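A short worksheet on the structure shown next.
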Amino acid sequence: MLDLLLAEPELQVFQYEMILEARRRPELAEAVSALYENYVNALAAGLSASGLTQNVRVVARTLFAALDGLVLQYLAGVDRSAIAASLEEVHDVLLLRTGSPRQP
């Protein structure tokens, strides 16, 4: 994920600017809501494919919130290694939730 972010940080910045602009321009709220739902739906599909069967949408929204916050922190200048370590922790927690073994 960090590599994806590094490849197109301008896209992430644009999305956050759009999200903030939606607070001032209600006509953008639906597009922002759809953006978030697309991310949650994609994560939910991946979680289901990984074997998660309970509270899939809740877990997906929680996971997205963590990832979204880490991306924002990265864009705000938090050290890359700190973000990478946090992403590893999110991954480990997710493995615990799905019962998947950690790959070396």
Side-chain angles (χ1 to χ4, degrees):
M1 181 178 165
L2 193 54
D3 290 337
L4 178 64
L5 171 62
L6 292 174
E8 293 187 292
E10 299 82 19
L11 175 62
Q12 304 303 323
V13 170
F14 170 77
Q15 288 180 2
Y16 285 118
E17 287 176 353
M18 186 176 82
I19 291 162
L20 291 172
E21 187 64 22
R23 302 246 327 133
R24 294 180 286 276
R25 295 179 47 200
E27 67 270 19
L28 296 176
E30 190 173 321
V32 168
S33 181
L35 175 70
Y36 274 111
E37 287 308 309
N38 285 339
Y39 282 124
V40 171
N41 289 339
L43 284 169
L47 290 169
S48 292
S50 295
L52 188 67
T53 59
Q54 295 184 0
N55 301 318
V56 175
R57 290 212 38 94
V58 172
V59 174
R61 188 167 304 280
T62 303
L63 177 59
F64 176 69
L67 297 174
D68 195 35
L70 289 169
V71 169
L72 184 58
Q73 287 180 35
Y74 177 78
L75 294 173
V78 172
D79 181 67
R80 178 181 174 170
S81 63
I83 300 299
S86 294
L87 286 170
E88 285 293 323
E89 184 63 25
V90 168
H91 183 251
D92 288 350
V93 169
L94 188 56
L95 290 176
L96 288 173
R97 180 74 174 171
T98 61
S100 300
R102 181 162 174 66
Q103 299 295 321

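Please read these numbers as outputs of a predicted model, since none were measured by experiment. Count residues from 1 along the sequence. Any value given below was found using the heavy atoms of this structure, including those in side chains, with hydrogens, waters and symmetry copies removed.
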**Asked** Could you give the distance from CG (Leu52) to CG (Leu63), rounded to the nearest 0.5 Å?
**Response** 10.0 Å

**Message:** Can you tell me how far apart CZ (Arg25) and CE (Met18) are? Round to the nearest 0.5 Å.
**Reply:** 10.5 Å

**Request:** Evaluate side chain to side chain contact (heavy atoms under 4.5 Å, CB included) for Leu70 paired with Val78, printing each intermediate quantity in order.
**Result:** CA-CA 9 Å; Leu70 289 169; Val78 172; over 6 Å; no

**Request:** Following the transitive rule for hydrophobic clusters with a side-chain heavy-atom cut-off under 4.5 Å over Ile, Leu, Val, Met, Phe, Trp and Tyr, establish whether Val13 and Ile83 coincide in one cluster.
**Result:** yes

**Asked** Quick one: do the Tyr39 and Asp68 side chains pair a donor with an acceptor below 3.5 Å?
**Response** no

**Message:** Within this structure, what is the NE2-CG distance for the pair His91 and Leu96, rounded to the nearest 0.5 Å?
**Reply:** 10.5 Å

**Worked check of side chain to side chain contact (heavy atoms under 4.5 Å, CB included) between Gln15 and Glu10** = CA-CA 9 Å; Gln15 288 180 2; Glu10 299 82 19; over 6 Å; no

**Request:** Would you mind reporting whether Glu17 and Gln12 have side-chain heavy atoms less than 4.5 Å apart?
**Result:** no

**Asked** When clusters are formed by joining ILVMFWY residues with side-chain heavy atoms under 4.5 Å apart, either directly or through shared neighbours, do Leu11 and Phe64 land in the same one?
**Response** no

**Message:** For a quick test of reading the model, state the closest non-hydrogen atom pair linking Arg57 to Asn41 and the distance between them.
**Reply:** NH1-OD1, 2.5 Å

**Prompt:** In terms of hydrophobic clustering (I, L, V, M, F, W, Y; side-chain heavy atoms under 4.5 Å; direct or indirect links), are Phe14 and Ile19 co-clustered?
**Reply:** yes

**Message:** If hydrophobic clusters are built from ILVMFWY residues whose side chains come within less than 4.5 Å, do Leu20 and Leu35 share one?
**Reply:** no

**Message:** Can you give me the closest heavy-atom contact between Ala44 and Ala60, atom names plus distance?
**Reply:** N-CB, 3.6 Å

**Request:** Side-chain contact test, heavy atoms from C-beta onward, threshold under 4.5 Å: evaluate it for Leu87 versus Leu67 and give yes or no.
**Result:** yes

**Message:** When you group the ILVMFWY residues by side-chain heavy-atom contacts below 4.5 Å and let the links chain together, are Val40 and Val58 in the same group?
**Reply:** no

**Request:** May I ask you to decide if Ala82's main-chain N or O and Ser86's side chain share a donor-acceptor pair within less than 3.5 Å?
**Result:** yes

**Asked** What is the distance from atom CG of Leu75 to atom OH of Tyr16, rounded to the nearest 0.5 Å?
**Response** 6.5 Å

**Asked** Quick one: does Leu94's side chain get under 4.5 Å of Leu47's, heavy atoms only?
**Response** yes

**Request:** Tell me, with the steps shown, if Arg23 and Leu28 meet side chain to side chain contact (heavy atoms under 4.5 Å, CB included).
**Result:** CA-CA 8 Å; Arg23 302 246 327 133; Leu28 296 176; over 6 Å; no

**Request:** Answer yes or no: are there more than 12 heavy-atom neighbours, outside Glu27 itself, under 6.0 Å from its atom CD?
**Result:** yes

